[in-house]
Amino acid sequence: DIYLLEVAALLHDIGKIGIADAILLKPDRLSNEEWTSMRQYERIGLEIISCTFNCDELFEIMRTYRADYRNESSASSLPMGNDIPLTARLLKLADAFDAMITKQRHRPARSESEAIKELQDCAGRQFDPALVEHLTHSLQDGVSKADCRFDSQTEISANAISMQAEKIADAVDARDVVEIQELAANLAST
């Protein structure tokens with residue numbers, strides 16, 4: 001589960017390789033048309049994952065990690081609450097926390113305490129409240145990054161996957177379908 005979560009974390013935004021750089025790197029607000037294009041990256045990412053990996057668990061993490069813990073939309077086909085896989089709930093929380101504490105093109109980074117406050121405010125709606133509480137306690141107790149290290153084999157595999165994903169992005173930019181297929185096969189075997 002930890003390995004699948006790590007792979008999902010590395011690939012969670014892979015669909016953005018199908019979005020024009022002019023949109024991804026735009027320093028101003030996106031137009032409605034640009035937002036429509038931007039929203040396609042989730043679908044693109046799921047297509048890449050389903051065609052590249054023969055792993056239902058990974059696909060399910062990628063399909064559900066954006067699901068809100070308490071989904072108030074009756075039109076959504078996504079699960080909610082504890083029906084969302086634990087790994088997907090963890091990825092959603094980690095992705096949100098990282099996005100908040102990282103400087104973005106359109107806004108400065110928030111402090112760790114501001115990010116925690118935001119997560120706590122959204123606990124039970126967007127995020128699993130138990131996971132928010134665990135993250136809060138871990139950060140307050142000073143759990144170091146060194147305590148969260150994985151074994152070296154996992155690190156080697158993660159680096160290989162990351163490098164291969166970058167090569168796929170380059171092939172997509174070049175619109176080289178044959179190269180994309182070959183790289184996807186290599187990525188799947190890794």
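Note that the numbering runs from 1 along the sequence shown for the chain. Every value quoted in this text rests on a predicted model; they were computed, and no experiment measured them.
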| Taking only residues at least two apart or on different chains, which pairs with a member in residues 23-56 satisfy ring pair (Phe, Tyr, Trp, His ring centres under 6.0 Å)? | none
Hey, does the side chain of [X] reach the backbone of [Y] with a donor-acceptor pair shorter than 3.5 angstrom?
X	Y	result
S111	E114	yes
S50	E47	yes
K92	R66	yes

| Under the side chain to side chain donor-acceptor pair (under 3.5 Å) test, residues paired with Q40 that sit two or more places apart | R43
| note | R89 meets the side chain to side chain donor-acceptor pair (under 3.5 Å) criterion, sequence neighbours left out, with N82, D128
Is there a path of hydrophobic side-chain contacts, each under 4.5 Å between heavy atoms of I/L/V/M/F/W/Y residues, joining [Y] to [X]?
X	Y	value
L46	L183	yes
L119	I84	no
L90	I49	yes

Ignoring hydrogens and angles, write down the donor-acceptor pairs under 3.5 Å from the side chains of residues 15-27, residues two or more places apart or on other chains.
from: K26; atom 1: NZ; to: R29; atom 2: O; distance (Å): 3.1
from: K26; atom 1: NZ; to: E34; atom 2: OE1; distance (Å): 2.7
from: K26; atom 1: NZ; to: E34; atom 2: OE2; distance (Å): 3.3

Distance, nearest 0.5 Å, that separates [atom1] of [X] from [atom2] of [Y]:
X	Y	atom1	atom2	result
L78	N71	CG	CG	6.5 Å
E112	T136	CD	OG1	9.5 Å
R110	I101	CZ	CD1	11.5 Å
L93	L131	CG	CG	6.0 Å
L58	L5	CG	CG	10.0 Å
T52	L11	OG1	CG	8.5 Å

| field | Exceeds 12 heavy-atom contacts within 6.0 angstrom, atom CD of Q104 | value | yes
| message | Quick check on D1: does its CG atom have over 12 non-hydrogen neighbours (other residues, nucleotides or ligands) under 6.0 Å away? | response | no
Write down the atom of [X], the atom of [Y], and the distance for their closest heavy-atom approach.
X	Y	result
R107	T102	NH1-O, 3.7 Å
K103	A109	N-CB, 3.4 Å
P129	A123	CA-CB, 3.9 Å
A67	P79	CB-O, 3.6 Å

| message | By the definition side chain to side chain contact (heavy atoms under 4.5 Å, CB included), identify the one residue from F97, F127, Y69 that meets it with V132. | response | F127
| said: Contact between L4 and T87 at the side-chain level, heavy atoms closer than 4.5 Å - yes or no? | reply: no
| field | Residues forming a ring-ring contact (aromatic ring centres under 6.0 Å, His included) with Y65, sequence neighbours excluded | value | H12
| task | Could you list the residues that satisfy salt bridge (charged side-chain N to carboxylate O under 4.0 Å, His left out) with E133, not counting sequence neighbours? | result | none
| Electrostatic pair R63:E60 at N-O distance under 4.0 angstrom | yes
